[in-house]
Every structure is written in C-alpha cells, then in structure tokens.
Number of protein chains: 2
Amino acid sequence: MSYNDLLHELRARGHRLTTQRRLILEVLQKNEQHMSAEEIGEQIKNRHAGIQVDMATIYRNLRWLSEHSLVTETSLGQGHMVYVLSSNHNHHHHLVCNSCQRVTEVRVDLLDELRSRIEAEYGFTARLDHIAFFGLCRTCRGNGA
Amino acid sequence: MSYNDLLHELRARGHRLTTQRRLILEVLQKNEQHMSAEEIGEQIKNRHAGIQVDMATIYRNLRWLSEHSLVTETSLGQGHMVYVLSSNHNHHHHLVCNSCQRVTEVRVDLLDELRSRIEAEYGFTARLDHIAFFGLCRTCRGNGA
DNA sequence: CTTCGTGCAAAAGCTTTGCAATGCG
DNA sequence: CGCATTGCAAAGCTTTTGCACGAAG
C-alpha cells in the first residue's frame, strides 16, 4: 500500500486529511523500522524545518491507525510502544533478552505456519510481522542469569 | 519448582530471605494466572490481614525475578506488565484484538515447534509460555476495522 | 458553516530512584 | 555488626484527556 493509498484510505474511512496526519504517515512510510511516538515527532521536526506536531496528536493518530490495522503496535519491553506501517513489508521478529535486554532480529518466515494455524483454528487474523519474544540469550544463560 | 525450591533458589543466588519476598512469591505461586504488580500487592494485603508491601519493593523484586528467569514478564497491551511464575506450568497464549481489545486464550502447544526452532537456530531460550499476539478478531475484521 | 482535529496544559497511570531506617545473615 | 533491602516520598516517563481555537470539507 503506497503513501497515496494510505491517504485515500483515511478519507474512505471518514477521516480528514490534515497536515499533521500527512506528516505522521510520511515518516512512518519512510521508516522501515519500528519507531516510538517520540521518534516520530522528532523526525517530523527534522524533516520539516522545525514543524512540531504535538505528542497528543501523534498518539491520537497512532491509536486510530492501529485500531484500523494500518499500523502495527508492539511492545519491546522498553517502557514504550513502537509502531510500523503494516504495509511496510520488512517483516521481522525480535528476541529480547530478559537479562541483558539485548534485541536480536530473526528470520521473517519463522511464524508463517503459526499465523495460518491461528487463522484456521481461531478465526483470528494475527499481525505477526513484528513480534517480540522474551527469554534468555546464549550468553546470559551461560552466566546463570 | 516448588515454593521451597524457590526460596532456596533465592538464597543460592545471594539474595536475602525477607518477609516481603516470601509474600510476593507466595502470591505468585498460588496464582496460575498472570497478575499485575498492583494485583500482587492487593492479594498480599487480602491474604495477610492488612500487611502491605510497598509497590517499590514489589517492582524491585519482580525485576530481579524476571532477570533471573524465575518470573515471566509480559505485555498484554493494557499499559502495564503482567507476571507469572515461570514454574507455573499453566502455559497459555493470548490473542489480543487491536480493535475491541478483547483477549482470547489459545492452545498451549501452539508454539512448541517454534520454540525448538528458535533454540536451534539462534541459541536463544525463548519463554513462550505466555505470549500475546495482536491482530483482529473475527468480529472486528467483519466490521471493517 | 459545521464538525472534526489540533495544541496546550494538566492529569493519569505505571515504574523507578534517593535516602534514611530496618533487619537479615 | 555490616550490608542488603525496605518504606516513603518524589520524580520520571509514556500516554491520555478536557477544552477552546482553528481548519477541513
């Protein structure tokens, strides 16, 4: 789904096309990586010579986008949520170590089978393109953590 | 791992056996379900005629327990973390709807294969006994959410 | 014009931290 | 007795909310 499709999608769902929304979507669309709400705000400021969108606005829009499946919201255990455009197909998953907090990225297709099973058995459309698994990395397990 | 094993485990790792720690572990051990830090505090008060363990103490201990793999910490997208004793073998997973926020429990063994693959390919010991998957439930998908 | 959305400021959680007092080993 | 640990109070962060103003359709 392209940037323009996204804007069209907003209108189709009865949302107005404000400058702020355009800026938020622009940043999300240019970043293939998950970002926090604050990072989104900063990037808007950097890219547009000091324009600052209020955090309240960013949060309000992220919530709406998430509820409408246009954005994926994930917790990586850092005390804040992170967001990616659902249509950015750079699917990847994370292994987060409970001891050293280090994050490792893992293969894309690891969860393909799981997704099908959840869909088939529960009628639930899981967004598994950006999942975090917690546990212990090799190093910390060795440390007796 | 029994309650006594847990206490012994604490000592073995150089931790002192305070009343507060005993109370926290007791509550965790009697609850097979994930609990928030606040719920843990409340249950301690209820079970022990008004004894109140400070939230700071609860958080400090939960963090330590989590870092040492005795407790599993999870985000269910409710704005706070939830905790279970790793040794409470009531493994289950959750499907959390991004639109209506409803939580569905799912089969235990859904992730067994995944766990083995993560271990084999990344040397990472994932604690998959209490995972939340986000997405859209059947109803909300129908609603065009 | 009407209604939706934004900014601002304040509040609401949840969680962490500093410090003096307490109690375990 | 010495040091880990607690309680208390305060602060820190992220996220949410109320309200008046401003902008989109």
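In what follows, every chain begins at residue 1, and chains take the letters A, B, ... in the order their sequences are listed. This is a predicted model, so every value here is computed, not measured.
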Open item on the list: For Ser66(B) versus Arg127(B), what's the shortest heavy-atom pair and its separation?
Closed with: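 Shortest heavy-atom contact: O-NH2, 3.3 Å.
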
Open item on the list: Could you check whether any side-chain heavy atom of Val82(A) comes within less than 4.5 Å of a side-chain heavy atom of Met35(A), counting everything from C-beta outward?
Closed with: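 Side-chain contact under 4.5 Å: no.
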
Open item on the list: Using side-chain heavy atoms (C-beta onward) and a distance below 4.5 Å, is Tyr83(A) in contact with Glu39(A)?
Closed with: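 No. Closest side-chain heavy atoms not under 4.5 Å.
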
Side-chain ion pair, [X] and [Y], N-O less than 4.0 Å:
X         : Y         : answer
Glu119(B) : Arg141(A) : yes
Glu113(B) : Arg117(B) : yes
Arg13(B)  : Glu9(B)   : yes

- [ ] Using a 4.0 Å cut-off on protein heavy atoms (strictly under), produce a 5'-to-3' string for nucleotides 7-12 of chain D with B for base contact, S for backbone-only sugar-phosphate contact, and - for none.
- [x] BB----

TODO: If a protein heavy atom is under 4.0 Å from the base, mark B; if only from the sugar-phosphate, S; if neither, -; do that for nucleotides 20-25 of chain C going 5' to 3'.
DONE: ---BBS

Open item on the list: Looking at His8(A), I'd like to know if its NE2 atom is crowded, meaning that more than 12 non-hydrogen atoms belonging to other residues, nucleotides or ligands lie closer than 6.0 Å.
Closed with: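 Open.
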
TODO: Using only heavy-atom distances, determine whether the side chains of Asn61(B) and Gln20(B) contain a donor-acceptor pair under 3.5 Å.
DONE: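 Checked: Asn61(B)/Gln20(B) side chains show no N/O donor-acceptor pair below 3.5 Å.
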
From [atom1] of [X] over to [atom2] of [N], roughly how many Å is that when rounded to an integer?
X        : N       : atom1 : atom2 : answer
Arg22(A) : dG5(C)  : CZ    : P     : 14 Å
Asn61(A) : dC4(C)  : CG    : C1'   : 12 Å
Leu10(A) : dG5(C)  : CG    : C1'   : 13 Å
Gln78(A) : dC14(C) : CD    : C1'   : 16 Å
Leu62(A) : dG5(C)  : CG    : C1'   : 15 Å
Met81(A) : dT15(C) : CE    : P     : 11 Å
Tyr59(A) : dC13(D) : OH    : P     : 13 Å
His80(B) : dT16(C) : NE2   : P     : 14 Å

Task: Phosphate contact (dT15(D) OP1 or OP2) by Arg63(A) side-chain N/O below 4.0 Å - done: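 For dT15(D), OP1/OP2 do not have a side-chain N/O of Arg63(A) under 4.0 Å.
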
Task: Parallel, tilted or perpendicular, as decided by the 30° and 60° cut-offs, for the rings of His93(B) and Phe133(B) - done: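 Tilted.
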
